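Single-structure report; data block below.
Quantities reported herein were computed from a predicted structural model and do not represent experimental measurements. A, B, ... follow the sequence lines: proteins, then strands. Residue 1 opens every chain. Because only heavy atoms are used, hydrogens play no part in the values below, and waters and symmetry mates are left out as well, while side chains stay in.
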2 protein chains.
Amino acid sequence: MGEQKQYDPDKYERPSVTVDIVILTLRESKLQVLLIQRKNWPYAGSWAIPGGFVEMNESLEAAARRELAEETGVDDPAIHLEQLHTFGDPGRDPRMRVISVAHMALVPDGQLALRAASDASDAGWFPAYDPPPLAFDHDQILSCAIGRLRSQVETTPAIFRLLPETFTLTELQSAYEHVLREDLDKRNFRRKMLSSDLLAETQQLRSGDHRPAKLYRLQEDAAGRHKAQRPYP
Amino acid sequence: MGEQKQYDPDKYERPSVTVDIVILTLRESKLQVLLIQRKNWPYAGSWAIPGGFVEMNESLEAAARRELAEETGVDDPAIHLEQLHTFGDPGRDPRMRVISVAHMALVPDGQLALRAASDASDAGWFPAYDPPPLAFDHDQILSCAIGRLRSQVETTPAIFRLLPETFTLTELQSAYEHVLREDLDKRNFRRKMLSSDLLAETQQLRSGDHRPAKLYRLQEDAAGRHKAQRPYP
DNA sequence: ACAAAAGTGTTAATTTTACACCCATGG
DNA sequence: CCATGGGTGTAAAATTAACACTTTTGT
């Protein structure tokens, strides 16, 4: 900060600072969010977005990654984690003044070892667009995450952070459709995607119950072209 | 935050929390930022983005508006103020752990009573795209603000928050050009603007040295409509 | 053979770009 | 009368939107 009065910082009461993490994934073709159930006052029994205190020697991102690892077992710098917004209204937590730096993490559905944190009676995945009632101002935080995700998905290759390394075009389209909540035209979608330079064709096929589908992966250098243009729509 | 261990919050050392405000305006047809000169260690003599501590009973936005009023004399809820990002790396301020919630304010050039804060030896406007060396991580904060402004200007009517109530189309175009740093085609610009439903024609003309120009104002209900493309927070 | 998902082109509509001259006023 | 900024239209190109059938596999 830039002020420069001869403040004695100790004469100011200080708030607690936490990070909250909206952890999103695509499971069962739906956008889902990880929530933990509170055991204690306030909001005992309600579901909440996971979070925790920022320690004095760690950055905000480090704190968020630490919490992410604690909740999901995922400790991978490749996981997409971004800061969303800071929520700091006095009274948002009745126990004390808590300023919370909200983050969003996008994790591919996979072997997420969902280990409930020691302080949660339970943890689970819920439909992000239709969550249970949430503690504190966590409905706002979730809305903020979903809004950001949608905007990212429309303008960057963020969708791939929710997908496994290889995927079919139908899976990719379905991911877009479930995040954006709109139906896309199959032929237009495929034409646009294939002409976008975002995808690399693999040699493999996904054999399933029906006609096998080509598998694609994100083009290696696509991260850089990120901001450039909207892949879809 | 959502964790719920039986934390004793007092056993945690707490960081200081501040708000910093990137105050932007269009002066002399240039995008300019308000900076204050530091008098004391660290970065004595450097220019810095104004800011100050968040008090225990005020929201982050209230703190930012209070600082904005202290620096500029502008105390108007209509001023566009938005939260940008929170900067909290340990060591960003050598005096202590400071977590700063950066904001951006857009003020129309006008009778800004620039009163230097008591702790600043001076305050002044500087070209936002070509600022002097800045204290702390304030270059990052400024870049963040400019990036956000550009994205807002491309997708929302934010540009009008930098303009006086009435303006000519040429002034409007010039505002876009100086914020986006690109030249726009006059006829395409005017056609697009006039067909956008964002503008209301006034009966007045701006008489200057040459042919008078029609004055426009932002359409009353325009705040909602242009939101179409990118919602950010 | 059939059910189910994969894959494939064309046309119309809309949006974006490029581009140059006349008009109204003040000095 | 002239210098200066205000104001205007059209055509080509690019992008987007709408739309239905054939292919391949497993059962």
Donor on one side chain, acceptor on other, A:S100 and A:D20, under 3.5 Å: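 A pair is found: one side chain offers a donor N or O, the other an acceptor, under 3.5 Å apart.
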A:H80 and A:E82: side chain donor to acceptor below 3.5 Å: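 Yes, because at least one side-chain N or O of A:H80 sits under 3.5 Å from a partner of the opposite role on A:E82.
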Can you list everything that forms a side chain to side chain contact (heavy atoms under 4.5 Å, CB included) with B:K192? Sequence neighbours excluded, please. none
Can you list everything that forms a side chain to side chain contact (heavy atoms under 4.5 Å, CB included) with A:S143? Sequence neighbours excluded, please.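 Residues passing side chain to side chain contact (heavy atoms under 4.5 Å, CB included) with A:S143: none at all.
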So, is the end of the A:R217 side chain (NZ or CZ) under 6.0 Å from the ring centre of A:F167 and within 45° of the ring's axis? no
Does B:Q83 offer a backbone N or O that forms a donor-acceptor pair with the side chain of B:R148 under 3.5 Å? yes
Taking atom [atom2] of [N] as reference, at what distance in whole Å does atom [atom1] of [X] sit?
{"X": "B:R206", "N": "D:dG7", "atom1": "CZ", "atom2": "P", "answer": "11 Å"}
{"X": "B:L172", "N": "D:dG6", "atom1": "CG", "atom2": "P", "answer": "12 Å"}
{"X": "A:K214", "N": "D:dT24", "atom1": "NZ", "atom2": "P", "answer": "12 Å"}
{"X": "B:F167", "N": "D:dG5", "atom1": "CZ", "atom2": "P", "answer": "21 Å"}
{"X": "B:D209", "N": "D:dC2", "atom1": "CG", "atom2": "C1'", "answer": "14 Å"}
{"X": "A:L215", "N": "C:dA6", "atom1": "CG", "atom2": "P", "answer": "11 Å"}
{"X": "A:Q173", "N": "C:dG7", "atom1": "CD", "atom2": "P", "answer": "12 Å"}

Nearest nucleotide by nearest heavy atom, which residue falls closer to the 5' end of DNA chain D, B:E171 or A:L205? B:E171
So if I define the base as every atom that isn't primed, P, OP1 or OP2, how would nucleotides 15-24 of chain C read as a B/S/- string at a heavy-atom cutoff under 4.0 Å? -SBBBB--BB
Compare side-chain N and O positions of A:T170 against OP1 and OP2 of C:dA5 and report whether any pair is under 4.0 Å apart. no
Any side-chain N or O of A:R190 under 4.0 Å from OP1/OP2 of C:dG7? yes
